[in-house]
Amino acid sequence: MKPTEKSATKQPRRTPLKNYTLSETIFQELRNRLQRGEIGAEDRVLDYEIAQEYSCTRMPVRQALLRLASEGYLMGTTRGFTLPTLTTQDIEEVFEMRRLLEPHAASSVIDLLGEEQHMALTLAYHKARRAAEKHDAQMMIDANVAFRSIWVGAVQNKRLRDTIQRFADHAQIVRSTTLSHPPTQQIVANGLKQILDGFLARSGENVYKAMQEFVQHAQQQYFLLAKASAARSA
């Protein structure tokens with residue numbers, strides 16, 4: 001009996017590596033723009049415009065935008081993607097999650113931060129202090145994002161790390177409202193100093209307390225400013 005020829009094994013279909021890598025690059029860049037407040041509530045993110053910017057097809061752009069939408073960063077509409085509209089309850093829930101997660105996570109990394117991270121945290125704090133002195137909202141946003149990214153990057157649990165980052169990013173509308181307010185900028189700079197001191201002293205208790213107060217003050221300032229804005233519009 002003649003041996004039969006082996007049938008060719010059917011290879012699973014794979015997404016081309018080039019498209020995946022480009023989609024990830026676009027995702028990260030757009031998320032960074034959202035974090036820095038470069039995409040406002042009135043802006044529309046259009047796939048063909050991003051594709052032109054990267055000189056690519058719309059497919060990797062679409063993949064990145066759909067991922068941003070699935071993670072709550074953007075909202076799809078018939079005319080492109082926009083920032084999601086957050087209700088008062090949405091914002092309260094975001095702050096509740098941040099209060100539950102961030103103090104514990106920050107205090108858990110005190111022994112994982114080395115001299116390089118301490119230096120980067122110190123530089124981010126000084127940038128925030130200069131921003132407060134100059135009343136520079138964009139500089140304050142950048143400093144705040146940089147400070148958080150350093151300690152969050154040291155969190156060992158990837159799911160916890162990603163969740164913290166996502167909820168903090170969802171508060172972008174809060175940063176836009178509060179960090180352009182000079183008195184609030186001073187409060188933020190002072191709060192970062194307390195957190196920094198806790199990290200430098202490697203005191204989990206101090207970091208926990210400082211982070212708890214930092215998130216609480218952010219929530220209070222947002223609703224105070226929102227209430228004042230509503231009163232002016234009435």
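Computed from a predicted model, the values in this text were never measured in an experiment.
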Straight-line distance of [X] [atom1] to [Y] [atom2], nearest 0.5 Å:
X	Y	atom1	atom2	value
F199	W151	CZ	CH2	6.5 Å
R161	Q165	CZ	CD	10.0 Å
T163	M97	OG1	CE	7.0 Å
E116	I150	CD	CD1	9.5 Å
K127	N144	NZ	CG	11.0 Å
D197	T122	CG	OG1	9.0 Å

Any side-chain to backbone donor/acceptor pair from [X] onto [Y]? Under 3.5 Å, distance only.
X	Y	value
Q138	D136	no
N32	Q28	yes
R44	G80	no
Q117	G114	yes
D90	T87	yes

Please answer: with hydrophobic residues joined when any side-chain heavy atoms are less than 4.5 Å apart, are [X] and [Y] in the same cluster?
X	Y	answer
L46	L83	no
M139	I39	no
I187	I91	no
F147	L123	no
V152	L112	yes

With a 4.0 Å cut-off on N to O distance, would you call [X] and [Y] a salt bridge?
X	Y	value
R58	E53	no
R166	D162	no
E133	R129	no

With distance as the sole criterion, is a donor-acceptor pair present between the side chains of [X] and [Y] under 3.5 Å?
X	Y	result
Q216	Q212	no
R67	S23	no
Q219	R99	yes
Q186	N190	no

Around atom [atom1] of [X], are there more than 12 heavy atoms of other residues, nucleotides or ligands at under 6.0 Å?
X	atom1	answer
H104	NE2	no
E205	CD	no
M75	CE	yes

Is there a side-chain contact between [X] and [Y] (heavy atoms, below 4.5 Å)?
X	Y	result
F81	L66	yes
V61	Y48	no
S203	I110	no

Atom of [X], atom of [Y] and distance for their closest heavy-atom approach:
X	Y	answer
A105	L160	CB-CD2, 4.2 Å
V45	L65	CG1-CD2, 3.6 Å
P84	L74	CD-CA, 4.0 Å
Q185	M140	O-CE, 3.4 Å
Y208	S107	CD1-OG, 3.9 Å
V207	I195	CG2-O, 4.2 Å

- Verify side-chain contact (heavy atoms from CB on, under 4.5 Å) between L192 and F214, making sure each step is shown before the conclusion. CA-CA 8 Å; L192 292 179; F214 186 81; 3.8 Å; yes
- Message: Working note: E93 + Q89, criterion side-chain contact (heavy atoms from CB on, under 4.5 Å); need CA distance, chi angles, decisive distance, verdict.
- Response: CA-CA 6 Å; E93 289 176 356; Q89 183 175 346; 3.0 Å; yes
- Message: Please determine whether salt bridge (Lys or Arg N to Asp or Glu O under 4.0 Å) holds for the pair R33 and E29, giving the CA-CA distance in whole Å, both sets of side-chain angles, and the decisive distance to 0.1 Å.
- Response: CA-CA 6 Å; R33 293 180 191 179; E29 173 57 26; 2.9 Å; yes
- For the residue pair Y73 and F27, does the interplanar ring angle fall in the parallel (under 30°), tilted (30 to 60°) or perpendicular (over 60°) class?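 Aromatic pair Y73/F27 classed perpendicular.
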- Query: Please walk me through it: do I26 and I50 pass side-chain contact (heavy atoms from CB on, under 4.5 Å)?
  - Reply: CA-CA 8 Å; I26 294 170; I50 303 299; 3.9 Å; yes
- Task: Report the C-alpha distance between T184 and Y222 in whole Å, list the side-chain angles of each, state the deciding distance to 0.1 Å, and finish with yes or no for side-chain contact (heavy atoms from CB on, under 4.5 Å).
- Result: CA-CA 9 Å; T184 304; Y222 172 77; over 6 Å; no
